[in-house]
Structures are given as C-alpha cells and as structure tokens.
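Numbers here simply count residues along the sequence, with the first being 1. Given the structure is predicted, the values throughout are model-derived calculations rather than measurements. Atoms considered below: every heavy atom in the structure, side chains included; atoms not considered: hydrogens, waters and symmetry mates.
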Amino acid sequence: MTNQILKDLLNGWQTSAAVTKEDYTGADGLLYCAKCHTPKQQKLDEKIWLQFHKIDPDFPRITYIACDCRLQEESKRKEAEHIAHIEQARERCFPEKPLRTWRFQTDRGISDREAMRKCRIYANKFAQALENNIGLTLWGDVGTGKSFLAACIANSVIEQGYFCLMTSFPRITDGAWSVEDKEAYFDSFSEYELLVIDDFGVERKTGYISEIVTKVIEYRCKSSKPIIVTTNLTAATMTAESNRIEDRRVYSRLFEMTRWIQVKGSDLRGTLNLEKAKKSMEIFGF
C-alpha cells in the first residue's frame, strides 16, 4: 500500500462524512453531525493506526466516518439505483408491458400447481441453472398458463440481478429484416443470462424462418446459457420421423438443453374473458 493510496483513502472517508459548518465537536473531541448527533470522526484502534503509520508517518489517528443519517441517505440512494436498474432490465426483457407485472404470487387461476411449484423452484435456483446450463420447455394445450409461468420466472431472475429477454421467433424474424450484420444480431441473444422463447412452433415453416430458428438455438447452445421455451408441441410431435431434418435438429437441441414440464389445465383465457365481461357489465351495463 503506497502513500498515495492512503491519501485517497483519507479523502474518500472525508467525502463520505460530508462535513458541514453546522457540525460540532463533542466532549470526546470528535466531530458530530448537527442533524443526527452521531460521530463524523473516529479514533482508530492503535494496532490498526500503527499499521498505517508505518507506511505514512503523517497518517492521522483520528479519521472521518459517515454519520448515521449519511449512511441512511447512501442506503436509500443505492436502493433507488437498484430499483431503477431492475425496472430498466424489466423493460428490456418484456416488449409487452403487462408481462412485467406477472409474479408467482398472483397465479391468475393457474390450475396446475405442480407445474407452478417446479417453475418456482427453478427461478429460486437460477444461479445453479445458469452454472449448469439447464433450461426448461413448458409444454401443454393453449391457454394453460405456460407464458405466464415463463414470465414469472423471468421476473424473478431479473430481481436476482440477471439480464433476461422474453421474445418469440416471429418477433426475432421481424428484427432480422432491419439489421445488416445478421450474425451479430443472432449472437446478441446469447448475451442474456436467460432467454425465453414464447410460443415456439407457431412460426411459419419456411426455409428462411427455419434458418433463423436454427441459428438462435445453435448460438444459445454454444453460449452455455439456459433457455426457456413455451410450446403447444408435444414430445411425440417433435420426435416424429416425418419432421424435416432441420426441425429435428432444433428439437434435438431443445431436448439436450432443457427439462420438460407439462402445464395442464383448462384454457385460462376463457376465465379471463368471463372476468372481463363481468367488469364490462359493472362499468358499462353491457
């Protein structure tokens, strides 16, 4: 440790103390905050001070510290920055605003409690999922809550400090039309710690789209980062020998990269439509 480092350390301590002209000296000779009346100075323990003193004979025994109200202000500032960071990550993750509010706590009538339990465990242990490159394929009939569960996982992952993207192949295909460097575009999907592909299998089966699907899945596989896929396709459909070779290659990758969870239950959209109709009747009378 050099003298310059010690000087920078002292300057940092003094800056954090935020001394004002209203501060006062207490009976112990230390400077106190005029607002919270807690010390803005400390007398270093002799052993610690002697270690600094050996390096810099001018190093003071009394140094500055942040008072209680300063520490609270700093804590609030960091919390506000953390919240802002999460919200920015959420906006980046979800093109559709309603998905940013989806949480496991508000299950929206999901009837498959076992599927929800497994998804919650996965979200809580995402650090291990990332370390071991384990993704999920959520499959089942239309409207059973697959997209909701995937968004719940994504929101939980974001709150843990990771970057995530929830998208679909039609949206990825639309984006590919407007970029010149296609390889960099497809590679960008590997930057996220978690990639969620919603409604896999609904995209049109053209050569161009199949190429895009293959590239994204291959790039994701090479990145050794997990992927979550929601789909109406069944395992039997994906393993059918009648599938095109390019489709079978993608399906094989998904079997390799993900654990499969079936999401059972009735179509939630019917329940939500009834709720919407009831609310419309209350407001409009029709």
For E46, is the CD atom crowded, meaning more than 12 foreign heavy atoms sit under 6.0 Å from it? no
Would one find more than 12 heavy atoms of other residues, nucleotides or ligands at under 6.0 Å from atom CG of N243? yes
Could you walk me through whether S210 and R244 pass the side chain to side chain donor-acceptor pair (under 3.5 Å) test, one step at a time? CA-CA 10 Å; S210 293; R244 299 180 305 171; 2.7 Å; yes
Enumerate donor-acceptor pairs with a distance under 3.5 Å from any side-chain N or O in residues 161-173 to protein atoms, sequence neighbours excluded.
{"from": "S168", "atom 1": "OG", "to": "R171", "atom 2": "N", "distance (Å)": "3.4"}
{"from": "T173", "atom 1": "OG1", "to": "F169", "atom 2": "O", "distance (Å)": "2.7"}

Report yes if the side chains of [X] and [Y] come closer than 4.5 Å at any heavy-atom pair, otherwise no.
| X | Y | result |
| --- | --- | --- |
| Y251 | F200 | yes |
| T15 | Y64 | no |
| L10 | L6 | no |
| T231 | D199 | no |
| I228 | L195 | no |
| I65 | P39 | yes |
| E193 | V157 | no |

Between E218 and K215, does a salt bridge (Lys or Arg N to Asp or Glu O under 4.0 Å) hold up when you go through it step by step? CA-CA 5 Å; E218 288 294 334; K215 279 185 176 293; over 6 Å; no
Carboxylate-amine/guanidinium proximity below 4.0 Å for [X] and [Y]:
| X | Y | answer |
| --- | --- | --- |
| R117 | E114 | yes |
| E159 | R90 | yes |
| R249 | E246 | no |

For [Y], is there any backbone N or O sitting under 3.5 Å from a side-chain donor or acceptor partner on [X]?
| X | Y | answer |
| --- | --- | --- |
| R220 | F189 | yes |
| T258 | F255 | no |
| K40 | A17 | yes |
| K182 | A176 | yes |
| N132 | Q128 | yes |
| R253 | C221 | no |
| S75 | Q72 | no |
| K225 | S190 | yes |
| D23 | T20 | yes |
| R103 | C152 | no |

Applying the 4.5 Å side-chain criterion to the ILVMFWY set and letting contacts propagate, would [X] and [Y] be lumped into a single cluster?
| X | Y | value |
| --- | --- | --- |
| L136 | F104 | yes |
| Y192 | V179 | yes |
| F148 | W139 | no |
| V19 | Y32 | no |
| V216 | M257 | yes |

In sequence, state the C-alpha distance, the side-chain angles, and the governing distance for Q41 and T63, and then conclude on side chain to side chain donor-acceptor pair (under 3.5 Å). CA-CA 5 Å; Q41 285 182 326; T63 61; over 6 Å; no
From [X] [atom1] over to [Y] [atom2], what is the distance, rounded to the nearest 0.5 angstrom?
| X | Y | atom1 | atom2 | value |
| --- | --- | --- | --- | --- |
| F186 | Y219 | CZ | OH | 8.0 Å |
| E91 | I158 | CD | CD1 | 10.5 Å |
| I227 | L254 | CD1 | CG | 6.5 Å |
| E241 | R248 | CD | CZ | 7.0 Å |
| L130 | S224 | CG | OG | 10.0 Å |
| S156 | Y122 | OG | OH | 11.0 Å |

Taking all heavy atoms of [X] and all of [Y], pick out the closest pair and write down the distance.
| X | Y | result |
| --- | --- | --- |
| P57 | H53 | O-CE1, 2.9 Å |
| A151 | F94 | O-CZ, 3.9 Å |
| L149 | A115 | CD1-CB, 4.3 Å |
| R70 | A66 | CG-CB, 3.9 Å |

Which residue is it: L194, N124, V196? I am looking for the one with a side-chain contact (heavy atoms from CB on, under 4.5 Å) to I153. L194
Among R77, K78, H85, side chain to side chain donor-acceptor pair (under 3.5 Å) partner for E81: R77
The side chain to side chain donor-acceptor pair (under 3.5 Å) partner of K146 among D141, D198, N232, T230 is N232
One pair to check against side chain to side chain contact (heavy atoms under 4.5 Å, CB included): C119 and L138. What are the steps and the verdict? CA-CA 9 Å; C119 289; L138 305 178; 3.8 Å; yes
Parallel, tilted or perpendicular for F52 and W13, by the 30°/60° rule? perpendicular
Do the ring centers of W177 and Y185 come within less than 6.0 Å of each other? no
Would N155 and R100 count as a side chain to side chain donor-acceptor pair (under 3.5 Å) if you check the C-alpha gap in whole Å, the side-chain angles of each, and the deciding distance to 0.1 Å? CA-CA 7 Å; N155 273 302; R100 302 171 194 171; over 6 Å; no
Carefully, step by step, assess F59 and L44 under the rule side chain to side chain contact (heavy atoms under 4.5 Å, CB included). CA-CA 11 Å; F59 197 87; L44 293 176; 3.7 Å; yes
Could you walk me through whether T144 and D112 pass the side chain to side chain contact (heavy atoms under 4.5 Å, CB included) check? CA-CA 8 Å; T144 53; D112 194 337; over 6 Å; no
Please evaluate residues F126 and Q160 with respect to the criterion side chain to side chain contact (heavy atoms under 4.5 Å, CB included), reporting the C-alpha separation (whole Å), side-chain torsions for both, the decisive distance (0.1 Å), and the verdict. CA-CA 9 Å; F126 181 72; Q160 295 173 53; 4.2 Å; yes
